[in-house]
Structures are given as structure tokens and as C-alpha cells.
Asks: 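What follows is a single structure, and I will ask about it in a moment.
The analysis underlying the following values was restricted to heavy atoms, covering all of them including side chains, and did not include hydrogens, waters or symmetry mates. Counting starts at 1 for both ligands and their atoms, following the listed order.
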Amino acid sequence: MALSIVEAEAPFLAAAGGRASPVTPVWFMRQAGRYMPEYRAIRAHHSLLDICARPDLAAEVTLQPIRRLGVDAAILFADILLPLVPMGLELEFVSGEGPLIRNPIRRAEAVHALRAVDPATDLGPVLEAIRLVRRELGPATPLIGFAGAPFTVATYAIEGGPSRHLLESKRMMYEAPELWHRLLTVLTGVLGDFLAAQITAGAQAVQLFDSWVGQLSEADYRSYVLPHSRALFDRLTGLGVPRIHFGVGTDHLLETMAEAGGEVIGLDWRIPLDRGWERIGANRAVQGNLDPVALFAPLPELRRRVSDILQRAGGRPGHIFNLGHGILPGTPVDRVRAVVDMVHEYTTQGR
Ligand code: CP3
């Protein structure tokens with residue numbers, strides 16, 4: 001039999017496209033961050049926003065988990081709130097509290113005052129970081145770009161920071177639906193342009209983080225969110241990269257989120273992977289879904305949970321192993337590495 005030398009497809013891209021791969025790919029949301037000593041060493045001298053504004057630092061932090069963990073994909077180091085800055089919002093990260101926006105959007109005037117964004121100039125450092133990272137990564141490790149979904153970004157823009165009940169956001173939806181839709185339309189345009197620019201710069205997949213959308217009923221998701229998320233996904237159709245659609249607490253929304261778009265749907269840890277996959281449909285890939293807190297469990301318990309997920313995936317093409325949400329600060333790095341090895345060993349032997 002003649003052997004032709006064809007560069008094998010990266011496991012992450014194969015799985016994202018629902019194609020078989022020699023091993024189940026694994027990466028972690030928030031794989032760069034405070035749990036990692038080499039990240040903390042950089043953070044000791046630079047703020048989060050500084051790192052995002054310096055392509056050399058953002059690229060370095062993106063590459064740290066690739067070297068340390070052996071994961072199958074890199075995710076660009078940035079933050080979902082960055083595009084709000086050129087739109088005119090005053091963003092800072094307060095240590096211990098998270099993001100803070102000094103001039104949150106509460107009134108129609110604030111929506112009308114939002115500035116247009118040109119990603120090439122206004123978010124240039126992020127795009128430059130993508131180009132730098134791509135130069136360093138081999139073909140087996142694709143780079144994932146990302147943005148917040150219009151809903152989740154809007155909640156920060158309106159609340160001004162983390163919020164338990166999303167009171168001001170829901171108030172705007174219910175009291176001033178036209179204003180809400182106008183704001184989401186503006187955000188959808190900015191985020192769509194930004195993701196398209198990330199793809200042009202070299203991102204080989206994109207993930208849309210709709211982290212807080214689980215706060216909505218299915219009916220509210222349909223009325224206030226779905227048209228915008230769908231428009232954003234549509235904007236990215238034909239650009240040649242797989243799109244991952246992720247949310248937390250979305251058991252009641254899975255089918256509806258899949259309707260909005262994404263070749264890959266993210267599952268959190270609350271739903272058994274096989275049941276979630278069945279509901280989304282065999283024509284989509286799934287990403288998930290280990291509980292981030294399982295990384296603090298004793299090794300045998302962690303191993304049991306990892307194999308449970310892999311058994312539920314059953315070796316079917318189209319599973320990307322990940323957590324159900326981001327890695328928590330304080331997570332032991334060796335446990336994260338152990339999960340990568342478990343997934344690779346289990347799925348290599350099993351085939
Ligand atoms: O995943 C990665 O490794 C890439 C980097 C990344 C960051 N933020 C860096 C970051 C990504 C993908 C994000 C996305 C993000 N940012 C989301 C969606 C994902 C999710 O977790 O649901 C959200 C909601 C944000 C907004 C945000 N940024 C919050 C709420 C916080 C504070 C809470 C926290 O974890 O500290 C941030 C800060 C932030 N963004 C950190 C990192 C590494 C920690 C900051 C630090 O170093 O001080």
C-alpha cells in the first residue's frame with residue numbers, strides 16, 4: 001500500500017467538525033490564569049488590561065498552558081469585556097471583585113452615544129496577539145478566538161459589574177424592549193466584526209461565551225436573545241472555522257441555543273453529557289463537561305468522573321473534552337495536567 005504523507009488534521013478541528021480523530025481533544029476554559037504560577041509572575045507586574053493591550057504578553061500568557069498542560073487547543077488571552085472600551089465604556093478590573101464599569105448603560109442616551117468600533121485599530125493589540133501566537137503554534141494545536149455573546153456582554157454593560165439577579169438588564173428588557181433590542185443590535189455588530197477580524201488574523205475556531213444566559217426562561221431567551229445570537233452566528237457563516245456556543249445553567253435552553261447557532265455546543269456539568277448530546281442532536285459536536293470543582297477532588301474520584309464523561313461520549317466523533325465552566329483560581333496545576341493525560345490515555349487505548 002502506498003503511503004502518502006498527508007498532514008493529519010488536528011484532533012480539536014476534527015472533533016469540532018464531527019470527524020473521527022485518533023484521540024479525544026481536550027482544552028480548558030480559563031486555561032491561562034491565576035492558578036498558574038507563571039501567569040501570576042506576569043500579573044505581579046502587569047494588570048489584566050495591560051496584558052491584553054500588549055501583544056507580546058498576551059501571546060506569552062496564551063502559550064503558557066500549551067507548554068505546561070499538553071492541551072489540544074490554545075485560547076487567546078483576552079477578555080469578553082474588551083470591546084466595550086472603544087465603545088466608550090470605562091472598564092477596570094478591581095482586584096477581588098472582578099470587572100467594574102464606571103458609566104454603565106441605563107438610559108437611551110447612553111445607547112445612542114455608543115461609538116462605532118473598527119477592530120483593526122480599536123482592538124489591534126488583540127489581533128496582533130493572534131498573529132504572534134499562530135507563529136509559535138504547531139499544526140496540531142489550533143488557536144481559538146472568542147467573544148462574549150451579545151446578551152452576556154450587555155449584562156455587564158448595563159449592570160456595571162457582576163450581578164446576581166441581572167435586575168437592571170431584565171428591567172430594560174421588560175420596560176424598554178426597543179432600547180434593549182437596539183443595544184443588542186449594536187453589540188451584535190461590534191462583536192461580529194471583532195470575531196470576523198480574529199478569524200482573518202488567524203483564529204482557527206471561535207467560541208461565543210453566553211455565560212449568564214441560564215438566568216433567562218426559554219421564552220425570554222427566544223424573545224430577547226435568540227435573534228441577536230443567531231444574527232451573530234450568521235455573520236460568521238462561510239468564514240471556514242467551527243463555532244462553539246457556550247453557556248452555563250442552560251439545561252432548559254440547550255435546543256434553543258443550538259437553534260441560534262454553533263457547530264459545537266458547550267455543556268455545563270449539571271447535565272450528563274450523553275443526555276445533552278442527544279437533545280442537541282447527533283449532527284452537532286459537544287464540548288464539556290467536567291465540574292471545575294472536580295479538579296480539587298482526590299485523584300481516584302477525579303479519574304472516575306473523567307472516565308464517566310468519556311464513557312458517555314462513547315468514542316463517537318465530535319466530543320471535545322473541557323470543563324463545564326472555567327478553571328477556578330487555586331486549582332492544582334498537576335490535577336489539570338492529570339486530566340489531559342487521562343483523556344488522552346483513555347481515548348487512545350479505547351480505539
Ligand atoms: O480562557 C482563557 O484562558 C482565556 C482568557 C479569558 C479571560 N476571560 C481572562 C481573564 C477568557 C476566555 C475570559 C472570558 C470571560 N471574561 C468571561 C466568559 C467566561 C466565563 O468565565 O464565563 C467572562 C464572564 C469574563 C468577565 C470577567 N473577566 C470576569 C467576571 C472576571 C473576574 C472574575 C475572575 O475570574 O477573576 C474577569 C477577569 C479575568 N479575565 C481573569 C482572567 C484570567 C482573572 C483576572 C486576573 O488575572 O486578575
Asks: Tell me whether the count of non-hydrogen atoms from other residues, nucleotides or ligands lying under 6.0 Å of CD in Glu278 goes above 12.
Replies: no
Asks: Decide, yes or no, whether a salt bridge links Arg305 with Glu301 under the criterion of side-chain N to carboxylate O below 4.0 Å.
Replies: yes
Asks: As a test of reading the model: which residues have a non-hydrogen atom less than 4.0 Å away from ligand 1?
Replies: Met29, Arg30, Gln31, Ala32, Arg34, Tyr39, Arg43, Leu48, Ile75, Leu76, Phe77, Ala78, Asp79, Ile80, Phe93, Gly98, Pro99, Phe146, Tyr156, Phe209, Ser211, His325
Asks: Can Asp308 and Arg312 be counted as an ion pair, charged N to O under 4.0 angstrom?
Replies: yes
Asks: Could you pull out all residues at least two apart from Thr331 that satisfy side-chain contact (heavy atoms from CB on, under 4.5 Å)?
Replies: Tyr35, Leu295, Phe296, Ile327, Leu328, Val336
Asks: Tell me which pairs pass ring pair (Phe, Tyr, Trp, His ring centres under 6.0 Å) where either residue lies in residues 245-284, with sequence neighbours left out.
Replies: Phe209-Phe246, Phe233-His245, Phe246-His325
Asks: Write out all pairs satisfying side-chain hydrogen bond (donor to acceptor under 3.5 Å, both in side chains) with one or both partners inside residues 83-95, taking only residues at least two apart or from two chains.
Replies: Glu92-Arg102
